[in-house]
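Below, chains carry the letters A, B, ... as their sequence lines are ordered, and counting in each starts from 1.
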2 protein chains.
Amino acid sequence: MVSAFSPQSAGDLNFLKTLNRSAVISHVRRYPGATRADIASRTQLTKATVGSVVQGLLDQGWLCEGELQPRGEGRPGRALYLDDTHHVLWGADIGVKSLRLVACSLTGQHLIEHHDAEAPTTPEATMKRLAELLNQLQQRPEVAGREILGLGVTAPGPVSPLIPVLRLAPNIRWSDVALLDVLDEAGLTMPGVRLLDNEANAAAFGEFYFHAGTPPESLVYISAGTGIGSGLVTGDEYPLVPRGVQGLLGEIGHTVLQPGGLYCHCGNRGCAETLVSGWAIRAALGLDENADLEKEVGLKSHEPGVQHVLARAGEALGVLMLNLHHTLNPATMVLGGSLLRLGEALTQPALAYFEAHQNDLLRESQHIPIKLIEDSTYTAARGAAAQVMAKAVLDV
Amino acid sequence: MVSAFSPQSAGDLNFLKTLNRSAVISHVRRYPGATRADIASRTQLTKATVGSVVQGLLDQGWLCEGELQPRGEGRPGRALYLDDTHHVLWGADIGVKSLRLVACSLTGQHLIEHHDAEAPTTPEATMKRLAELLNQLQQRPEVAGREILGLGVTAPGPVSPLIPVLRLAPNIRWSDVALLDVLDEAGLTMPGVRLLDNEANAAAFGEFYFHAGTPPESLVYISAGTGIGSGLVTGDEYPLVPRGVQGLLGEIGHTVLQPGGLYCHCGNRGCAETLVSGWAIRAALGLDENADLEKEVGLKSHEPGVQHVLARAGEALGVLMLNLHHTLNPATMVLGGSLLRLGEALTQPALAYFEAHQNDLLRESQHIPIKLIEDSTYTAARGAAAQVMAKAVLDV
DNA sequence: TTGGTTAGTTCAATTAATTTACTAATTCAG
DNA sequence: CTGAATTAGTAAATTAATTGAACTAACCAA
């Protein structure tokens, strides 16, 4: 997918070693049970190099050996796996209506899940709550004794690409908060790396990174909740999460789908969020801003008016997906967010529009798989944990 | 702009050397007249490494030394420049209505420009013509004796991201052509690398690569001509041209701006190209498909109907730019393509819409510069030449 | 002229990958 | 059961890149 790779930054021997260690870990992550010989042939490294890199990772508890892998003729190789027992990755997702925490092992297993139903208030109070929770959860037996690689935090809004500052989160009325600093000031005691990212970016990265089997060459995650956002992972050899110069990459909720349409809280008219989003659907159904959408829709699911509202919103989601596809042409799309809980009444029209309106070239090419995550409660937090791992690998 | 860099591919010592050589060249390209000491401090390489890399590049004719650069106190450093005299980069742009060729030096100076007004017919005939032209132009004194680094070819349609195949070019009715093979079979005698890319991708890369001064951190090029396409360059340390899994990244002409709108030749309704593109404007003005748009509009520029058509098309372009900005959030946008020749009657409404409809976050952040290229005749060909250089650097 | 400062080179030292030769474990044929 | 063939992995010497320290070079100012 990527071409014209023209490095502007230099590296030393240590960088090279880091690069190769990261490549070995990536390979084992993608192909659990791979042998040293498998890794050597796929990465183009020599047997000797792979041997020494693997030995280092075994010593540090990143990898562990498994059974012998018979390969027809010849000596069988020794299976290698990510060692699930020595480390822990923490991810925290500051949602519009709750705080969600996850502790993951290196393979992405959830060791602890925690859902805190209190909606965020001020940044200080919320970070205090988060610090307390994390300080407590660290003691739990599921993670006790593990080396903590770090904490990734996600927020429902764009994050500055250069410094860990949440620029704007309209749905919780925060702006320009250096969240990681606030968190440290709130008394968090946790070693390792600290990361802050947008919720959709983190979710996209997690879906890519912890993907079972060979991951897609690129991936877009669409987060459909109170607002609409998206995150992109692109690049085969060097997967990246581009964020845009202002951290706004993927803020598709404010692409214009209906010039001259309804007014949006962003000041424009006809934004996607005026057609499909938690607040647009609540408004269209005449519900209160804080109404439990899933419950209300569940109660009235038989009413044709409700069906019609969901179908229209779903169609708008389909247009959004199609436009995003024409713009980014990802290998996979993943749909998540709280709106997915409204079920097929919403998703079916979206998928139908997407399928029906592909142009000739898209239709002729291979089918683009679309994954629906009905329950994405921990998707973003898990993605933040994945980012911690990707970062920690470079620091080993 | 880019985070969560998690390399999946490995490297050897030679890769490291290539990386550093590329970084040195990039630095001199960005900052002509830089000294070895400048490069060392910016790249974090040691003086010794920079010294030896630079010596190698001097020997091979990639760099040359200039005057002494006094730096206040201390010994002045020796200015370094890309050597403009030893190499040549070839770029060819297969347009909808003509063939355009450029020979560039390493700094992007045009040594030869050639415009062939014949519209493409079959791939074979067109490549025959191109091969003949190139074989002739190679003899010209402007480039005689220079080492040829290679040829980049651009086409008006999506190119497969893995193999150099033009997948579909509706405006010249080609599909699934291995253009570089056809070109070689047509008798081209030219050494060096061969590249094929989409016209907008190449233009975007060229605008980035040959940018005077520090290039923007990311850049989108919008090509507004017979159809509408775009190309993206992203990434600060490792600039990339993402192409999408099917080579369709940036095919924004078929994003839906008006659900249920006019039928587009792609089979959908309400595509951007039904509102703003050479053929949409010709249709709206009641002109023939092959009419000279610039001339016709020039003749009737006083007619209010013409003004209105251009204003409406311009506004659609503005929506497209805004949506693209919300999706990709590039540091710079560049507008090119033959429609730009229609002048302010088209571009002014586009820019006005873009400015007026930025949402709060965009407005608050720094102004996004938009560059208009009124005459983009050689922009794509020049971009293809830039891609040749980026590739050749890795092969030195 | 001398001391201070920055630029650039030289060369031994370091470090990571490689090469070559080796050992190890398995299958298969006889 | 034995030995040849095959593949996996290790060990040690080698190669090739960056590095560090010591050096020379060029300039300024007092």
Side-chain angles (χ1 to χ4, degrees), chain A residues 7 9-25 27-28 31 33-60 63-81 393-394 396, chain B residues 7 9-24 27-28 31 33-60 63-81 394 396:
Chain A
S9 97
D12 55 11
L13 284 168
N14 190 50
F15 167 82
L16 192 59
K17 193 173 186 183
T18 297
L19 187 79
N20 290 340
R21 186 176 46 232
S22 178
V24 167
I25 290 178
H27 193 274
V28 177
Y31 308 106
T35 65
R36 291 167 178 78
D38 293 337
I39 299 171
S41 75
R42 291 293 273 277
T43 59
Q44 306 272 42
L45 294 171
T46 61
K47 289 192 297 176
T49 304
V50 172
S52 92
V53 170
V54 164
Q55 191 53 54
L57 290 169
L58 289 171
D59 293 344
Q60 288 168 302
L63 296 181
C64 59
E65 290 186 318
E67 72 286 11
L68 289 175
Q69 300 268 304
R71 282 280 190 284
E73 294 201 317
R75 168 178 168 179
R78 181 65 67 178
L80 294 167
Y81 298 93
V393 168
L394 304 180
V396 170
Chain B
S9 98
D12 56 11
L13 285 169
N14 189 50
F15 167 82
L16 191 60
K17 193 173 186 184
T18 297
L19 187 79
N20 290 341
R21 186 176 47 231
S22 177
V24 167
H27 194 274
V28 177
Y31 308 106
T35 65
R36 290 167 178 78
D38 293 336
I39 299 172
S41 75
R42 291 294 273 278
T43 59
Q44 307 272 43
L45 294 171
T46 61
K47 291 193 295 176
T49 304
V50 172
S52 92
V53 170
V54 165
Q55 192 53 54
L57 291 168
L58 289 171
D59 294 343
Q60 289 169 299
L63 296 182
C64 59
E65 291 186 317
E67 71 286 10
L68 289 173
Q69 300 268 302
R71 281 279 190 285
E73 296 200 317
R75 167 178 168 179
R78 181 64 68 177
L80 294 168
Y81 298 92
L394 304 180
V396 171

Of all the choices, [options], which nucleotide is nearest to the side chain of [X] once you look at every atom?
X: A:Ala48; options: D:dT18, C:dT19, C:dA7; value: C:dT19
X: A:Glu73; options: D:dG20, C:dC28, D:dG9; value: C:dC28
X: B:Lys47; options: C:dA25, C:dT19, C:dT9; value: C:dT9
X: B:Asp12; options: D:dG20, C:dT18, C:dA25; value: C:dT18
X: A:Asn20; options: D:dG9, C:dA17, C:dA7; value: C:dA17

Can you check the [X] [atom1] to [N] [atom2] distance for me, whole Å?
X: A:Leu13; N: C:dT18; atom1: CG; atom2: P; value: 12 Å
X: A:Arg36; N: C:dA24; atom1: CZ; atom2: C1'; value: 13 Å
X: B:Arg21; N: D:dA16; atom1: CZ; atom2: C1'; value: 14 Å
X: B:Leu16; N: D:dT19; atom1: CG; atom2: P; value: 8 Å
X: A:Leu19; N: C:dA17; atom1: CG; atom2: C1'; value: 13 Å
X: A:Phe15; N: D:dA17; atom1: CZ; atom2: P; value: 16 Å
X: B:Gln69; N: C:dG8; atom1: CD; atom2: C1'; value: 15 Å
X: B:Leu68; N: C:dA7; atom1: CG; atom2: P; value: 12 Å

Report yes if the side chains of [X] and [Y] come closer than 4.5 Å at any heavy-atom pair, otherwise no.
X: B:Phe15; Y: A:Leu16; result: yes
X: B:Leu68; Y: B:Arg75; result: no
X: B:Arg36; Y: B:Ile39; result: no

**Item:** Along DNA chain D (nearest heavy atom to each residue), the more 5'-positioned of A:Ser52 and B:Gly74
**Value:** A:Ser52
**Item:** DNA chain D: 5'-proximal contact among A:Ala79 and B:Gln44 (nearest heavy atom)
**Value:** A:Ala79
**Complete:** Between B:Asp38 and B:Ala34 the two heavy atoms that sit nearest each other are OD2-CA, 3.5 Å
**Prompt:** Does any N or O donor sit under 3.5 Å from an N or O acceptor when you compare the side chain of A:Arg75 with the base of C:dA25?
**Reply:** no
**Prompt:** For D:dT19, does OP1 or OP2 lie under 4.0 Å from any side-chain N or O of B:Thr46?
**Reply:** yes
**Asked** What's the verdict on side-chain contact (heavy atoms from CB on, under 4.5 Å) for B:Thr43 and A:Ser9, showing C-alpha distance, side-chain angles and the deciding distance?
**Response** CA-CA 6 Å; B:Thr43 59; A:Ser9 97; over 6 Å; no
**Message:** Does B:Lys17 reach a base, just sugar-phosphate, or nothing at all? Heavy atoms under 4.0 Å.
**Reply:** sugar-phosphate
**Request:** Describe the nucleic acid contact of A:Thr35 in one word from base, sugar-phosphate, nothing, applying a heavy-atom distance below 4.0 Å.
**Result:** sugar-phosphate
**Complete:** Between B:Ala37 and A:Gly72, whichever has its closest DNA chain C nucleotide further toward 5' is B:Ala37
